[in-house]
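For reference, positions follow the sequence shown, starting with 1.
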Amino acid sequence: MDRLIKVYDDILDAQTCDNLVDKFEQFENQHESFDVRGMIFTQLNMAKSPQIWNTEIEKFTDIFENKFTKYLTDLEISPQQMPTNYMWEPIRIKRYLPNDHDEFRPHVDVKRKETSTRFLVFFIYLSDNEEGKTTFPQLDKYAECKKGSMLIFPPMWPWLHAGQKPARTSKYIVQSYLHYV
């Protein structure tokens, strides 16, 4: 199962990551705060303001598409094993503050009918954070919160995962899911 967890480095350069974090902070009026059952963070859904985020939506969709293809190649997954029709969930930026409060406790991303069409998770880390890693506690595996890197994995029950509390600096990620259509 842990072979389906892949990290790809150098997806984005540091300046692009910093610019995206700055833009996220600039549009505070688009921030949504979450504090529900161990999910404590702030997010911005790019699809809610496409006139502002269209360039980023197109860029990240291309990046996710390219890495999806690489993921399938790296895992030697044939086209017959994957859906021929799929769609991307709206792209979001999430921020976790180093406040001993923000975190994402162990969870899975497919738990009810509304999320049952998700089949892969895509994270791009926009900041370095020594404690803000994504952990897979049942698999004894983790992905470092490394600026410019991407994490891909399945969102179902065997891949229980958590977003650790960041230390000293805020943790930022860009996130989407692939959905069956």
- [ ] Keeping the roles fixed (side chain from E58, backbone from T55), state whether a donor-acceptor pair exists under 3.5 Å.
- [x] no

Open item on the list: Please check this pair: side chain of N99 against backbone of D102, looking for a donor-acceptor N/O pair closer than 3.5 Å.
Closed with: yes

Side-chain contact test, heavy atoms from C-beta onward, threshold under 4.5 Å: evaluate it for [X] versus [Y] and give yes or no.
{"X": "Y71", "Y": "L120", "answer": "yes"}
{"X": "L44", "Y": "W53", "answer": "yes"}
{"X": "F123", "Y": "T134", "answer": "yes"}

Using atom types as modelled, flag every donor-acceptor pair under 3.5 Å from a side chain in residues 141-164 to any protein atom, sequence neighbours excluded.
unit_1, atom_1, unit_2, atom_2, d
K147, NZ, D18, OD1, 2.7
S149, OG, K146, O, 2.8
W159, NE1, M1, O, 3.1
H161, ND1, H107, O, 3.4
H161, ND1, W159, O, 2.9
H161, NE2, H107, NE2, 3.1
H161, NE2, D109, OD2, 3.2
Q164, NE2, T135, OG1, 3.2

What's the separation between atom [atom1] in [X] and atom [atom2] in [Y], rounded to the nearest 0.5 Å?
{"X": "N29", "Y": "Q26", "atom1": "CG", "atom2": "CD", "value": "9.5 Å"}
{"X": "I124", "Y": "L12", "atom1": "CD1", "atom2": "CG", "value": "5.0 Å"}
{"X": "S116", "Y": "Y180", "atom1": "OG", "atom2": "OH", "value": "10.0 Å"}
{"X": "T169", "Y": "D128", "atom1": "OG1", "atom2": "CG", "value": "7.5 Å"}
{"X": "T61", "Y": "K59", "atom1": "OG1", "atom2": "NZ", "value": "12.0 Å"}
{"X": "L4", "Y": "L139", "atom1": "CG", "atom2": "CG", "value": "10.0 Å"}

Counting neighbours of [atom1] on [X] that are heavy atoms of other residues, nucleotides or ligands and sit closer than 6.0 Å, is the number greater than 12?
{"X": "D10", "atom1": "CG", "result": "no"}
{"X": "D62", "atom1": "CG", "result": "yes"}
{"X": "Q81", "atom1": "CD", "result": "yes"}
{"X": "D22", "atom1": "CG", "result": "yes"}

Kindly write out the residues that satisfy side-chain hydrogen bond (donor to acceptor under 3.5 Å, both in side chains) with [X], not counting sequence neighbours, or none if the list is empty.
{"X": "E25", "value": "R95, Y172"}
{"X": "Y8", "value": "D74"}
{"X": "S49", "value": "Q30"}
{"X": "E89", "value": "R92, R118, H179"}

Task: Side-chain donor-acceptor pair present, N19, Q15, cut-off under 3.5 Å - done: yes

Is there a path from [X] to [Y] through hydrophobic residues (I, L, V, M, F, W, Y) whose side chains come within less than 4.5 Å of each other?
{"X": "L72", "Y": "F119", "answer": "yes"}
{"X": "I5", "Y": "V110", "answer": "yes"}
{"X": "I93", "Y": "I40", "answer": "no"}
{"X": "L97", "Y": "F27", "answer": "no"}

Mind checking what makes salt bridge (Lys or Arg N to Asp or Glu O under 4.0 Å) contact with [X], not counting sequence neighbours?
{"X": "E131", "result": "none"}
{"X": "E114", "result": "R112"}
{"X": "K23", "result": "E56"}
{"X": "K111", "result": "none"}

What heavy-atom pair brings [X] and [Y] nearest, and what distance separates the two atoms?
{"X": "N129", "Y": "G132", "result": "OD1-N, 3.1 Å"}
{"X": "L75", "Y": "K6", "result": "CD2-CE, 3.4 Å"}
{"X": "P98", "Y": "A167", "result": "CB-C, 4.1 Å"}
{"X": "T42", "Y": "S33", "result": "OG1-OG, 3.9 Å"}
{"X": "P50", "Y": "A47", "result": "CD-O, 3.2 Å"}

Task: Connected-component partners of M87 among ILVMFWY, side-chain separation under 4.5 Å - done: V181

- [ ] Under the side chain to side chain contact (heavy atoms under 4.5 Å, CB included) rule, collect the residues that match up with K94, sequence neighbours excluded.
- [x] F41, Q43, Y96, F104, I173, Q175

TODO: Please list, chain by chain and in numerical order, all residues satisfying ring pair (Phe, Tyr, Trp, His ring centres under 6.0 Å) with W88, sequence neighbours excluded.
DONE: F64, F122

